[in-house]
Amino acid sequence: QVQLVESGGGLVQAGGSLRLSCAASGRTFSSYVMGWFRQAPGKEREFVAAIRWSGGSTAYADYVKGRFTISRDSAKSTVYLQLNSLKPEDTAVYYCAAARFSGVVTTSVKYEYWGQGTQVTVSS
């Protein structure tokens, strides 16, 4: 059974940093792409970043480029999302997801496994 467990969310002031973690288990993820999405109250879920387990290719949403960094530790089966220079508009529940896909996927419908989410709140 595939499990994705996020952690690392919290309350931070604008300009601060957080590191989110997503621990993956239940299968070998070498053929998978791992993504981070977020959903703010009253808004649709949106793509943040993605990384392929194999090769490490990445993709980012334009509004996080230069501020957020996605990485993975294959030995720990964990994907990270480093959030720097946080803004109040980054406040959302952040979700980790996994998709068996050959490229780097940015659309949520292609992801088949999801974590429960972790809350990030940025105060002004």
Side-chain angles (χ1 to χ4, degrees):
Q1 182 179 357
V2 173
Q3 276 196 314
L4 303 176
V5 180
E6 302 99 331
S7 61
L11 173 64
V12 64
Q13 288 188 333
S17 298
L18 285 172
R19 189 177 79 158
L20 307 183
S21 299
C22 172
S25 63
R27 67 171 62 237
T28 301
F29 288 93
S30 57
S31 299
Y32 280 70
V33 56
M34 304 297 293
W36 285 97
F37 291 79
R38 69 185 186 185
Q39 188 166 20
K43 295 188 177 181
E44 293 187 353
R45 190 170 297 188
E46 62 183 7
F47 171 74
V48 177
I51 187 168
R52 284 196 56 80
W53 277 114
S54 178
S57 298
T58 59
Y60 294 91
D62 286 343
Y63 45 81
V64 302
K65 283 181 179 177
R67 299 190 299 124
F68 294 4
T69 303
I70 190 170
S71 61
R72 86 273 193 241
D73 184 332
S74 298
K76 296 182 178 180
S77 294
T78 300
V79 177
Y80 302 99
L81 186 67
Q82 179 68 41
L83 288 65
N84 296 330
S85 302
L86 281 162
K87 305 175 182 179
E89 52 264 43
D90 294 319
T91 295
V93 177
Y94 283 70
Y95 296 91
C96 174
R100 186 167 184 173
F101 204 76
S102 59
V104 181
V105 186
T106 63
T107 52
S108 60
V109 294
K110 294 188 181 294
Y111 284 82
E112 55 188 298
Y113 301 108
W114 291 84
Q116 82 289 350
T118 185
Q119 177 72 47
V120 171
T121 303
V122 184
S123 63
S124 57

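Throughout, numbering of the chain's residues begins at 1 and tracks the sequence.
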Single-linkage hydrophobic cluster, 4.5 Å side-chain cutoff, L20 and Y32 together
yes
Heavy-atom closest contact (W114 atom, S108 atom, distance):
CZ2-O, 3.6 Å
Applying salt bridge (Lys or Arg N to Asp or Glu O under 4.0 Å), name anything that partners R67, two or more places apart in sequence or on another chain.
D90
Working note: Y60 + I51, criterion side-chain contact (heavy atoms from CB on, under 4.5 Å); need CA distance, chi angles, decisive distance, verdict.
CA-CA 9 Å; Y60 294 91; I51 187 168; over 6 Å; no
Can you find a pair of side-chain heavy atoms, one from F29 and one from R27, that are under 4.5 Å apart?
yes
Run through Y95, F47, Y94 and flag the one making a ring pair (Phe, Tyr, Trp, His ring centres under 6.0 Å) with F37.
F47
Over all atoms of both residues, closest heavy-atom pair of S54 and S30
CB-O, 3.4 Å
Acceptor/donor pairs from residues 4-11 side chains to any protein atom, 3.5 angstrom cut, sequence neighbours excluded:
residue: E6; atom: OE1; partner: Q116; partner atom: N; Å: 3.0
residue: E6; atom: OE1; partner: Q116; partner atom: NE2; Å: 3.4
residue: E6; atom: OE1; partner: G117; partner atom: N; Å: 3.0
residue: E6; atom: OE2; partner: C96; partner atom: N; Å: 2.7
residue: E6; atom: OE2; partner: G117; partner atom: N; Å: 3.2

Roughly how far, to the nearest 0.5 Å, is SG of C22 from OH of Y80?
10.5 Å
Shared hydrophobic cluster, M34 / V105 (ILVMFWY, side-chain heavy atoms < 4.5 Å):
no
In one Ile/Leu/Val/Met/Phe/Trp/Tyr side-chain cluster, 4.5 Å: V33, V64:
no
Please report the closest heavy-atom contact between G56 and R72, naming both atoms and the distance.
N-NH2, 3.4 Å
Specify the closest pair of heavy atoms between W36 and S21, including all atoms of both residues, with the distance to one decimal.
CH2-O, 3.7 Å
Within-4.5 Å side-chain heavy-atom neighbours: Y63 and E89
no
Between CZ of R19 and OG of S71, what distance do you get to the nearest 0.5 Å?
7.0 Å
What distance separates E46 CD from Q39 CD, expressed to the nearest 0.5 Å?
9.0 Å
What verdict does the side-chain contact (heavy atoms from CB on, under 4.5 Å) test give for I70 and V79, after you've listed the backbone C-alpha separation in whole Å, the side-chain angles of each residue and the deciding distance to 0.1 Å?
CA-CA 7 Å; I70 190 170; V79 177; 4.0 Å; yes
Apply the test side-chain contact (heavy atoms from CB on, under 4.5 Å) to residues T91 and Q119: give CA-CA distance (whole Å), side-chain angles for both, the deciding distance (0.1 Å), then the verdict.
CA-CA 8 Å; T91 295; Q119 177 72 47; 4.0 Å; yes
ILVMFWY cluster, V120 and V93 together (side-chain gap under 4.5 Å)
no
Heavy-atom closest contact (T106 atom, A59 atom, distance)
CG2-CB, 4.3 Å
Kindly give the heavy-atom pair with the smallest separation between S124 and A14, and that separation in Å.
CA-CB, 4.4 Å
